[in-house]
Amino acid sequence: MKTPLVAIRKVSKSFGEFQALRQVSLDIWPGEVVCLIGQSGSGKTTLLRCVNQLTSIDSGGIWLDGELLGLRERGGRLHRLNEVEIARQRLKCGMVFQRFNLFPHMTALENVIEGPVQVQKRKASEAKLEAMELLRRVGLAEKANSYPSQLSGGQQQRVAIARALAMKPELVLFDEPTSALDPELVGEVLAVMKELATSGMTMLVVTHELGFAREVADRVVYMDQGAIVEAGPAKDLLTAPREARTRAFLAAEV
Amino acid sequence: MSNAPALAEGFPDLSSLKVAREPHWGRWLTAIVILAIVAAIGRAFAQGQIEWSYVGRFLTAPVIVQGIVNTMVMAVLAMALGILLGIVVAIMRLSPNPVLKSVASGYTWLFRGTPLILQLLLWFNLALVFPTIGIPGVWTARAVDLMTPFLAALLGLGINQGAYTSEVMRAGLLSVDIGQYEAAQAIGMGRLQALRRIVLPQAMRVVLPPLGNEFIGLVKATSLASVIQYPEVLHNAENIYYANSRVIELLIVAGLWYLLVVSILTPLQMLLERRFARGIARGGR
């Protein structure tokens, strides 16, 4: 039987009084593109960050490739993993941020090879060749020696995608990758993501771009108040939602 | 013509006229007044009880030159120690570990809270507290032999500097966007690697102007080490005027050397700042 690449089981998370996630469970299968939609504060970004352990969960469990993330069961209790083990687990997933978070003191090329060379300890010459190939793939080969401040938002986000891919992840997480972009720059980033989806990459995408979700996602998950309200194939959920709350959200978005 | 917007009448065409340069009479006047004051002060000093020939003679005297060299050696070494301690303490201060945090705060509290001259005297007189220093059975030495003026000055100045530099470094680390830590973590970096590769290089840009300030302060603070017999420039100048009583002349000699050193440091700092401004566009692309 097939196993999901990511298995999220009864995950809860609070920030003080505010309950960001309530017993969320979800599977993401290899090669699948899943879009998380919902209002701000619905917990979709928190869920994404928990998968990459940028946010630690309060209870429940997340398995990536069969490995429990951030925790180890011993003697009937759960113990948090140390920083080195968490860093190793993070290598399996790449992350693309809303505000790009490129390293401003490095060129586009240096940004892309930083992980492979410094973390994975690969040969610089080899990493450079692969990085150039990735920059070509996102259409920015000629910008390899530009600093982030010399690039437009859309170009920066495409470099950030190349940086995530350079680690050869099994899964790429996207946290509202087009929300910080001027409207005319959204298309170039979505085009790169579409190409990535077609190539078979497993993707978990928090997005407000319902058009992208409809076209590219295998499944769409609608979240509200820290819980999954409805999940299903993109076309079904976006055109014929079963839940009243989903219908209200979609009506307001269009 | 047909595509241009319709314009109202009554506004003359100014596009061929130039904006005139103002004469700025006020600036000229203040400049003349200030020059006159400077000239009067200069004249007073020239006619005062100063033997300028002594200033010229002692400016390049070997013992003075050796003094300024010692001053600079001490300033550079103490700053290096200060920066090293400053980085370590700033990182400890921002660590989630409460033990490290308290140790760092305690260090800053202790060494910022007492006068530098007192700390220098304490280091120099350490032998009064601990006659012998070392690890029992492995290696020991008499504190009097070990705690030379050089070592006492280095420890006193460097450790004191570290307390101040740690706060400058902490400000620099805090100035880097949290998203940079997260992006570094997302490519699998641990805390220290993220600090070294991603955060510190960006913090350096913010930290350099105040660090330059600190270093200039330290160059002059080395003069306090004269009280523990470290042969820096002021100490050597004092030794000369104890012998020949040319107090003001030798103080001017020392003062000129400090001014010269500080004047050289300022452009050096600008070069460094440019080096760390890599990738940062000021005022657009």
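Throughout, protein chains are lettered first and strands after them, A, B, ... in sequence-line order, and every chain is numbered starting at 1.
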Please classify the contact between B:Gln185 and chain A as side chain, backbone, both or neither, with a heavy-atom cut-off of under 4.5 Å.
both
Select, from [options], the one with the greatest count of heavy-atom pairs under 4.5 Å involving chain B.
options                     : answer
A:Met95, A:Glu114, A:Gln120 : A:Glu114
A:Gln118, A:Met167, A:Arg99 : A:Gln118
A:Leu54, A:Leu91, A:Asn52   : A:Leu54

State whether the number of non-hydrogen atoms from other residues, nucleotides or ligands found under 6.0 Å of A:Lys123 atom NZ is greater than 12.
no
Does [Y] offer a backbone N or O that forms a donor-acceptor pair with the side chain of [X] under 3.5 Å?
X        : Y        : result
B:Thr140 : B:Pro136 : no
A:Gln157 : A:Phe97  : yes
B:Gln202 : B:Ser175 : no

I'd like to know if A:Glu85 and A:Arg88 make a salt bridge, using a cut-off of under 4.0 Å between side-chain N and carboxylate O.
no
Apply salt bridge (charged side-chain N to carboxylate O under 4.0 Å, His left out) to the pair B:Arg205 and B:Glu273, showing each step before the final yes or no.
CA-CA 7 Å; B:Arg205 193 177 62 84; B:Glu273 282 181 28; over 6 Å; no
Toward chain B, the part of [X] with a non-hydrogen atom under 4.5 Å:
X        : result
A:Phe103 : both
A:Val84  : neither
A:Leu102 : backbone
A:Pro148 : neither
A:Arg49  : side chain
A:Glu83  : side chain

Is any side-chain heavy atom of A:Lys143 less than 4.5 Å from a side-chain heavy atom of A:Leu135?
no
